[in-house]
Each structure stands twice: as C-alpha cells, then as structure tokens.
Amino acid sequence: MDRSRVKDLLAAEAPRDAVLVQGWVRTKRDAKGFSFIEINDGSTVKGVQVIADASLPNYDTEIHHLRTGAAVEVTGELVASRGGGQSFEIVAKSVLVHGNAGEDFPLQKKGHSLEFLRSIAHLRPRANLFGCVFRVRSRLAYAIHRFFQERGFVHVHTPIITASDCEGAGEMFRVTTLDGAALAAGKDAEDFFGKPTYLTVSGQLEGETFACALSNIYTFGPTFRAENSNTSRHAAEFWMIEPEMAFCDLEGDMDLAETMIKHLVADALENCADDLEFFGRFVDKELRARLEFVRDRPFERVSYTEAVEILRASGRPFEFPVEYGHNLQSEHERYLTEERFQCPVTVYNYPKEIKPFYMRQNDDDKTVAAMDLLVPGIGEIVGGSQREERLDRLAGNLARHGLGEAEYGWYLDLRRHGSVPHAGFGLGFERLLMFVTGVANIRDVIPFPRVPGWAEF
RNA sequence: UCGCCCGUGGGGUAACAGUAGCCCACCGGAUUGUUAAUCCGCGAAGCCUUGGUGCGAAUCCAAGCGGGCGAGCCA
C-alpha cells in the first residue's frame with residue numbers, strides 16, 4: 001500500500017477503503033474502549049486523527065502506552081469523522097509502533113519558550129512552529145531559484161574557502177591546517193593553500209566575474225561572519241542570495257530587489273497558506289495583512305539625502321543625531337519604514353565615505369550608487385550597489401581604502417577587458433524568512449544556528 | 001563588544017531573610033466520540049556555580065558561567 005501524506009488525507013473529498021500513514025504521535029486521548037491518536041508527518045502543520053480500537057491485538061501492550069513523540073505506522077479506513085474538529089479520520093486496522101517516545105520526551109502539548117526549544121534543536125522540528133518555519137524555508141529557497149531561473153539568471157557556485165576578504169564585509173573565520181604554534185609563528189606559506197584562507201563573507205567579487213560573461217547570474221549559498229554580534233538578527237553562518245547583472249545600473253538593481261521581494265512574498269502567500277495561518281495565530285496577528293500589503297503596494301524609494309531631511313524634519317528626539325555622512329542607525333531606519341512610510345523603503349545614493357570601495361561613484365562626487373532595502377520590524381534585508389566599472393576610479397578607491405592592487409588584480413582585470421556597468425545586491429535569506437514568518441529571532445529560522453558561543457548539534 | 005534584565009523539579013512560574021507552592025508533562029486510578037480531553041492521587045521530581053554578610057540565604061552582596069532584550073557591526 002502506498003503511503004499517504006497527512007496533508008492529502010485532510011484534503012480528501014471522499015472516504016477511502018485503505019490508507020497508510022506514517023508519522024509521529026502529537027497527542028493521544030483515551031476513550032472508553034478505544035484511543036484517539038493524532039499523527040503528524042510533517043507534510044502540514046495539522047495532524048490526522050486515528051481511531052484505535054481496544055480490540056487491536058497490540059492495544060494493551062503498545063497502543064495504550066503511546067506517548068507524544070512516538071513513531072507509528074497506521075493502516076485503516078479513511079472515513080467521515082463523527083467528531084467536530086476534522087472532516088476525515090482514520091479507523092485503524094493496524095497500528096505498528098516503530099518506536100515509542102520516552103517518559104522524558106521534552107515536547108509537550110503546549111507552547112514552549114523559544115529559548116527552551118533552541119536548547120533541543122534536534123527535537124524542535126517536531127514542534128508545530130518549527131515545522132511551519134522550515135517548510136516555508138524550503139519553499140522560499142525553491143521560489144528563489146525559480147524566480148531567477150525563469151528570468152534567465154545563471155546559478156553560480158562561488159567558493160566557500162577564499163583568500164580575498166571582500167573588503168572587510170566582516171571579521172572572517174580563518175581556515176587552516178597549521179597547528180597553533182605554526183600559526184602563531186606566521187608560517188602562512190606552509191599552510192594548506194600556501195597563504196592565509198578564510199570562509200567566505202560574500203561571493204560578490206567572484207560573482208561579478210561570471211556576470212561579466214553570462215550577463216545575469218546569482219549565487220545562493222552559506223556565508224560566514226566571525227563578528228561578535230549578539231543580536232536577534234545576526235548569525236555567524238547564514239545563507240545569502242547575491243544576484244549580479246551586467247549592463248545594469250542602480251535603477252535596475254533596485255527594481256530587481258523590489259520585484260524579487262514582492263514575488264517571494266506572493267509565493268509564500270500562495271503556497272504556504274497553512275503555515276502562514278499558524279504564524280498569524282501564534283506569532284503575529286498582523287502577518288497576513290502585512291504580507292498582502294507588501295505584495296500589492298509599491299515600495300517607497302528615497303535618496304539618502306532625502307532620508308536625512310525627512311528624519312531631521314520629523315522632530316523626533318533620536319538617541320543618535322541625524323547627520324549627513326553618518327550611517328543611518330537602527331532607530332532611523334525603523335522610523336522611516338515603520339512610521340513615516342509604513343512599508344518597505346529603498347534608500348539609495350549614500351555618501352561614499354561610509355560605503356565600500358567597489359561601489360560606483362556618482363557624478364556629484366559625494367555619493368555612491370548604493371542601496372539598502374529596509375523592511376518594517378527587521379531593518380536592512382537587502383544591501384546592494386552599482387559597481388565601479390571605471391578602471392581608474394576603482395584603482396583609486398582601492399588605494400584610498402588601503403587595499404593592495406596586487407591582491408585585487410583579477411578584479412581590476414574585469415575593468416580592463418570589456419568592462420560594463422553592472423550591479424547587484426545581497427539578500428539575507430534568514431532575514432527574508434523572519435520577515436515572511438514574523439519569527440523575531442534569526443536563531444529560530446535556521447535549523448542549527450551558529451552564533452557566538454554556540455555551535456551545538 | 002557595550003547597556004539593561006533574568007537563572008527555582010523535564011517545561012512554565014510563585015514565595016517579606018524563617019516549613020519551597022501552583023500549572024503542564026510523567027506515573028497510578030476513574031469518566032468521556034475526544035480535540036492542548038476532564039476529574040481524582042500526602043505518586044515521583046527542584047532553588048546555576050563559587051565566595052561573602054546574617055543566628056538563619058531561593059531571597060541580600062560580589063565574581064563566574066548561561067540566557068533574553070536593546071545598541072554597534074551587517075545580511
């Protein structure tokens with residue numbers, strides 16, 4: 001007999017003589033002469049109700065002792081439910097107990113704190129919330145590939161071990177086979193690669209090389225930052241999507257970012273309805289309305305200079321003063337996106353002093369063609385720019401940032417041979433997930449999060 | 001890294017410096033087509049670590065370890 005997914009059984013339109021379900025017991029309620037067993041197999045947040053009669057041969061020995069968390073396999077008849085909570089249920093002909101759960105199974109039939117669930121990351125996928133989160137994570141990863149593939153973008157696997165540091169996008173994890181003494185003695189030439197290497201903090205520079213050949217490309221892979229960041233929206237290991245487009249300026253870059261966010265939100269609304277409904281009930285009551293708003297309404301777009309003026313004119317007593325030439329603080333970003341505009345906002349053309357060397361200088365000589373896409377509740381979800389394609393300017397920027405031209409020779413080469421205007425951005429996958437699910441901590445949208453002081457499992 | 005807050009059975013919480021209580025889970029019993037089932041049970045299970053103050057510390061002080069929130073860095 002073929003296995004049926006719980007999701008399909010719950011959507012059934014007619015009874016069926018024989019079905020097989022395999023899954024884990026969420027709860028068991030004993031009645032006189034039989035038991036109700038709710039089984040979840042991860043296909044959806046809901047479970048299917050099984051009626052296990054006391055006449056089953058293993059009722060007294062096994063079924064009666066089933067606890068939350070047990071793994072079972074049930075065959076039986078799918079019938080219209082006599083109870084209220086569901087349209088169909090299974091009357092069991094057999095209940096095979098693969099493995100009961102211990103008396104100390106930590107997940108209860110109630111809401112647990114997210115902190116506790118993090119400490120049992122190996123079991124939390126069986127909690128409703130995490131089932132929902134990781135189904136959405138899977139769906140959005142798929143939707144991202146579809147989004148780009150359907151638009152002719154080529155998926156490029158940029159290296160995870162790298163010797164270039166992408167201009168200090170963050171502190172890097174050293175990758176080495178040297179022992180502590182050799183490392184301390186600086187014997188880099190004896191290291192595995194003959195020089196210091198690190199885990200990537202961005203695939204952008206390598207991505208540019210492929211954009212300057214295949215036109216439109218994207219990367220989607222793990223990224224590592226050794227920053228000692230202890231916040232709800234930073235992790236040491238996270239996934240990033242980095243599209244790069246040749247023959248594209250900042251305008252096109254911002255258009256793509258906005259189109260992509262809208263597309264992904266729409267995809268989740270359409271394909272993860274049950275999971276989003278769960279988040280709406282237990283995480284954020286306003287979630288669905290906000291996602292529909294993001295899908296349907298245009299984003300705001302303001303220059304950095306305009307943003308500064310808006311913040312100044314707000315009369316808000318910000319903790320950090322609003323000053324041209326300074327980075328926008330979290331409180332400033334929050335004001336723009338949560339209060340002033342109440343929708344996602346793209347801020348563009350930042351002062352060149354606060355942005356990296358590879359961003360294209362604007363004609364005003366003061367700003368670079370950078371953009372950040374800010375969303376309510378999270379802040380920056382996308383950061384990108386048009387890249388400096390003029391050799392002399394780029395070389396000058398490298399020098400000004402104190403970066404060796406030799407190390408970036410291959411990057412400068414792109415400007416020597418067939419240089420084109422090009423642009424791209426980075427999207428934090430986990431931040432997107434936080435935005436779509438309403439989950440407030442990045443540690444709860446990563447299967448096994450890595451943050452300072454925590455690399456368990 | 002900085003600031004604020006918090007560490008009590010397996011989970012969630014309460015207790016003025018003087019007998020550690022409640023809810024959930026677990027165990028045992030009863031009821032019931034149940035829905036995070038209900039009822040009964042003097043059934044089992046606990047004060048982060050170290051040091052200090054006090055006759056007496058879960059409670060006050062200090063340090064350490066762990067956690068949460070906010071900030072910085074960013075995605």
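Just so it is clear: chains get the letters A, B, ... in the order the sequence lines come, proteins before strands, and each one is counted from 1.
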Using atom [atom1] of [X] as one end and atom [atom2] of [N] as the other, report the distance to the nearest whole Å.
X	N	atom1	atom2	answer
A:His64	B:G28	NE2	C1'	10 Å
A:Phe36	B:U32	CZ	C1'	9 Å
A:Glu227	B:C2	CD	P	15 Å
A:Phe425	B:A75	CZ	C1'	12 Å
A:Ile241	B:A75	CD1	P	13 Å
A:Leu328	B:A75	CG	P	14 Å
A:Phe34	B:U31	CZ	C1'	13 Å
A:Met371	B:A75	CE	C1'	12 Å

Does a side-chain N-to-carboxylate-O contact under 4.0 Å join [X] and [Y]?
X	Y	value
A:Arg137	A:Glu430	yes
A:Asp17	A:Lys93	no
A:Arg290	A:Asp284	yes
A:Asp444	A:Arg124	yes
A:Glu331	A:Arg316	no

- Less than 6.0 Å separating the ring centroids of A:Phe318 and A:His332?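 Between A:Phe318 and A:His332, the centre distance is under 6.0 Å.
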
- Step through it carefully: locate the ring centre of A:Tyr198, locate the ring centre of A:Phe224, and say whether they are under 6.0 Å apart. no

Distance, [atom1] atom - from [M] to [N], rounded to whole angstrom:
N	M	atom1	answer
B:C74	B:G51	C1'	41 Å
B:G18	B:G11	C1'	30 Å
B:G52	B:A58	P	15 Å
B:U8	B:A14	P	11 Å
B:A17	B:G54	C1'	9 Å
B:G68	B:G12	P	13 Å
B:A25	B:A37	C1'	15 Å
B:A15	B:C6	P	13 Å

Check the phosphate of [N] against [X], side-chain N and O only, distance under 4.0 Å to OP1 or OP2. Yes or no?
X	N	value
A:Gln329	B:G72	yes
A:Arg82	B:G33	no
A:Ser330	B:G70	no

- Task: Could you name each residue pair satisfying side-chain hydrogen bond (donor to acceptor under 3.5 Å, both in side chains) that touches residues 371-386 of chain A, not counting sequence neighbours?
- Result: A:Tyr350-A:Asp372, A:Ser385-A:Arg387

- Task: Look up atom CE in A:Met254 and atom OG1 in A:Thr259, then write down how far apart they are to the nearest 0.5 Å.
- Result: 11.5 Å

- Query: What is the ring orientation for A:Tyr408 with A:Tyr411, classed by angle as parallel under 30°, tilted 30 to 60°, or perpendicular over 60°?
  - Reply: perpendicular

- Using 30° and 60° as the class limits, which term best fits the ring planes of A:Phe36 and A:Phe34: parallel, tilted or perpendicular?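 Judged by the thresholds at 30° and 60°, the geometry between A:Phe36 and A:Phe34 is perpendicular.
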
Pair [X]-[Y], side-chain donor/acceptor within less than 3.5 Å:
X	Y	result
A:Gln49	A:Ser81	no
A:Gln149	A:Tyr218	yes
A:Asn349	A:Ser303	no

Do the side chain of [X] and the base of [N] come within less than 3.5 angstrom through a donor-acceptor pair of N or O atoms?
X	N	value
A:Arg225	B:A75	yes
A:Glu89	B:G33	yes
A:Ser229	B:C74	no
A:Arg67	B:C27	no
A:Glu38	B:U35	no

- Cation-pi check, A:Arg126 to A:Phe130: give yes when NZ or CZ is under 6.0 Å from the six-membered ring centre and within 45° of the ring axis, no otherwise.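 Judged by the rule (NZ or CZ under 6.0 Å from the ring centre, within 45° of its axis), A:Arg126 is not positioned above A:Phe130.
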
- Message: Can you see whether A:Tyr324 has A:Lys366 sitting over its ring - NZ or CZ less than 6.0 Å from the centre and within 45° of the normal?
- Response: yes

- Query: Is A:Leu432 touching bases, backbone alone, or none of the nucleic acid, heavy atoms closer than 4.0 Å?
  - Reply: nothing

- Select base, sugar-phosphate, or nothing to describe what A:Gly85 touches, counting heavy atoms under 4.0 Å on all strands. base

- Query: Which listed nucleotide (B:U35, B:C26, B:C73) is nearest to the side chain of A:Gln86?
  - Reply: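 For the A:Gln86 side chain, the nearest candidate turns out to be B:U35.
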
- Message: From the set B:A75, B:U32, B:U34, return the single nucleotide nearest to any side-chain atom of A:Ala31.
- Response: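 Out of B:A75, B:U32, B:U34, the nucleotide with an atom closest to A:Ala31's side chain is B:U32.
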
- Item | Contact state string [nucleotides 64-69 of chain B, B base, S sugar-phosphate only, - no protein heavy atom under 4.0 Å] | ---SSS

- Message: Reading RNA chain B from 5' onward, which residue's closest nucleotide shows up sooner: A:Phe320 or A:Gly102?
- Response: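 It is A:Gly102 whose nearest nucleotide is closer to the 5' end.
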
- Message: Both A:Val382 and A:Gln49 contact RNA chain B. Which one's nearest nucleotide lies toward the 5' end?
- Response: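 Of the two residues, A:Gln49 wins.
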
- Message: For A:His157, give me all partners under ring pair (Phe, Tyr, Trp, His ring centres under 6.0 Å), at least two apart in sequence or on another chain.
- Response: A:His155

For nucleotides 8-11 of chain B, print each protein N/O atom paired with a nucleotide N/O atom at under 3.5 Å, atom names and distance only.
| unit_1 | atom_1 | unit_2 | atom_2 | d |
| --- | --- | --- | --- | --- |
| B:G10 | N2 | A:Gln108 | NE2 | 2.1 |
| B:G11 | O2' | A:His112 | ND1 | 2.8 |
| B:G11 | N2 | A:Lys110 | NZ | 3.1 |
| B:G11 | N3 | A:Lys110 | NZ | 3.3 |

- Sorted by number, residues from residues 128-144 of chain A placing a heavy atom under 4.0 Å from RNA chain B are none

- Note on the structure: Dot-bracket assigned to RNA chain B with the 3.5 Å Watson-Crick/G-U criterion, [ ] for crossing and | for other-strand pairs, is (((((((..((((....[..)))).((((((.....))))).)....(((((..]....))))))))))))....

- Report the glycosidic orientation of B:G54: syn if within 90° of 0, anti in every other case.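 This nucleotide is in syn.
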
- Query: Taking the six-membered ring for Trp, does A:Phe429 stack with B:A75 (centroid gap under 5.5 Å, planes within less than 30°)?
  - Reply: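 A:Phe429 vs B:A75: stacking no.
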
